[in-house]
Amino acid sequence: MTDLINQIRNDFPALHQEVNGKPLVYLDNGATTHKPNAVIDAISDYYRTDNSNVHRGAHTLSDRATQRFEDARKTVQAFLNAAKAEEIVWTRGTTESINIVANTWARQNVKAGDQILVTAMEHHSNIVPWQMLCEQTGAELIPIPVSAAGELDMAAFAELLNERVKLVSVVHVSNALGTINPVAEIIEKAHAVGAKVLLDGAQAVAHWDIDVQALDADFYAFSGHKLFGPTGIGVLYGKEALLNAMPPYQGGGEMIEHVSFGKTTYNSLPYKFEAGTPNIAGAIGLAAAIEYLNGLDRVALAAHEDTLLARSVELAEQLGGIQAVGTAANKASVFSFLLEGAHPADVGTLLDQQGIAVRTGHHCAMPIMDQFCIPGTVRASYTFYNTLEDVETLFRGLEKAKMFLL
Ligand code: C6P
């Protein structure tokens, strides 16, 4: 495995640098992942050769750009195992994907007295759009409770379900705790009362392949930059029938069929939701990231990520004074913790001085931090290019931080 990981690391140029005089140990993959050469080259190649606007020009470059852009959509379709390429809508990222559903599907389908369920461990981007909607419609937003270990209370979820629930919008993997939620069971139960389900896949896609048809998800949202692709590009998957029945999101070019002052008609899927010139290079870069991943043994790499997490738990016990935050039985490779007696921000600064990049703070998940009565955590979020040595360097760094701070 070590040889394979070292080989993979060679594909990621940003990993090979010194930060504050020390070799970079990048453990902030939950915030954004680094990009392999394949992605950087695909973007650069697009701008060097095919750069043009899509679906518009009467010339060869525009045809080539359109071809690459639409091929990228098909790559995402295959990645999610969506039934049709038309079900893949390009967005700016997870946040925009969720906001589209809130401003279109939910505006049409959620009325005063209806309910939307989320979990108490959501990222703000899966809370605030629904709060805004509820303010406007008189619907109610209800969080499904989460246990002290960071697991969803599925019995409470079952009790919350009733015919007033129109949508269950749930994070697939928590960015703050690492919890992997039982989304298949959630979808089955929600569908039984007629509710639709949106999954926030921002933190899931980097770890395993997703099959939206097997899950029977109604909507699935993710960001390219957490999947080794560029920033500013993301995806909203939606079942064709739902997307077709939804009103458009933004108005402008591309999303129309015919415009007149008397009556404007809208374009077919997915263009109805893609007003304006899209992020063409972003889509091409994201497809390059997925193709890069398709060349790897993702099952073996997910097992490697599990060993990184298990080693973190072991080393935390050996070091002492570490309080793990989020100890669910089913977890992705996110180690969120507190160094007892130290503020997370101070720990982050001391680690950075040693070349170790982690995230500190509330991780845009303030409600779950409030529930645990903590201001935030230190979060090491691993991906497959991290090594056991990275984990050991982190804990050596924490040992120093402990000596300095306590
Ligand atoms: N979490 C983190 O460090 P955007 O910003 O749209 O690409 O993704 C938003 C988002 C939505 N849901 C989850 C579960 C997320 O983790 C994120 C982004 C980053 O944890 C930045 S706050």
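In listed order, ligands and their atoms are each counted from 1.
Residue contacts with ligand 1 for Ala202 involve side-chain atoms from C-beta outward but no N, CA, C or O (heavy atoms, distance under 4.0 Å). In Thr94, the parts holding a heavy atom less than 4.0 Å from any atom of ligand 1 are both the side chain and the backbone.
In the vicinity of Ser223, heavy-atom distances shorter than 4.0 Å reach the ligand 1 atoms 4 (P), 6 (O), 7 (O), 8 (O). Atom numbering of ligand 1 starts at 1 in the shown order; those under 4.0 Å from a heavy atom of Gly30 are 2 (C), 3 (O), 19 (C), 20 (O). Taking every non-hydrogen atom of Cys364 and a distance limit under 4.0 Å, the qualifying atoms of ligand 1 come out as 22 (S). Near Val171, meaning under 4.0 Å from one of its heavy atoms, ligand 1 places the atoms 14 (C).
Other residues, nucleotides and ligands contribute more than 12 heavy atoms inside 6.0 Å of the CE atom of Met154. Surrounding CD of Gln136 are more than 12 heavy atoms belonging to other residues, nucleotides or ligands, all under 6.0 Å away.
A donor-acceptor contact closer than 3.5 angstrom is absent between the side chains of Gln203 and His172.
At a threshold of 4.0 Å, the pair Asp218-Lys239 counts as salt-bridged, since one of the basic side-chain nitrogens sits closer than that to a carboxylate oxygen. Remark: Arg311 does not engage Glu389 in a salt bridge, criterion side-chain N to carboxylate O under 4.0 Å.
Ring centroid separation for the pair His363 and His124 does not come in under the 6.0 Å cut-off.
The closest protein non-hydrogen atom to atom 1 (N) of ligand 1 is Lys226 NZ, 2.9 Å. For atom 15 (C) of ligand 1, the closest heavy atom belonging to the protein is His123 CD2, 3.4 Å. With respect to atom 11 (C) of ligand 1, the closest heavy atom belonging to the protein is Ser125 OG, 3.1 Å.
Counting only non-hydrogen atoms, the option in His362, His225, Arg92, Arg359 that gets closest to atom 22 (S) of ligand 1 is Arg359. Here atom 13 (C) of ligand 1 lies nearest to Asp200 when heavy atoms of Ile233, Thr95, Asn175, Asp200 are compared. Heavy-atom proximity to atom 16 (O) of ligand 1, evaluated over Gln203, Glu122, His363, Arg379, is greatest for Gln203.
Remark: the backbone N or O of His225 is not paired with any side-chain donor or acceptor of Ser223 at under 3.5 angstrom.
Applying the salt bridge (Lys or Arg N to Asp or Glu O under 4.0 Å) test between Asp114 and each of Arg164, Lys166, Arg107, Lys196 identifies Lys166 as the sole match.
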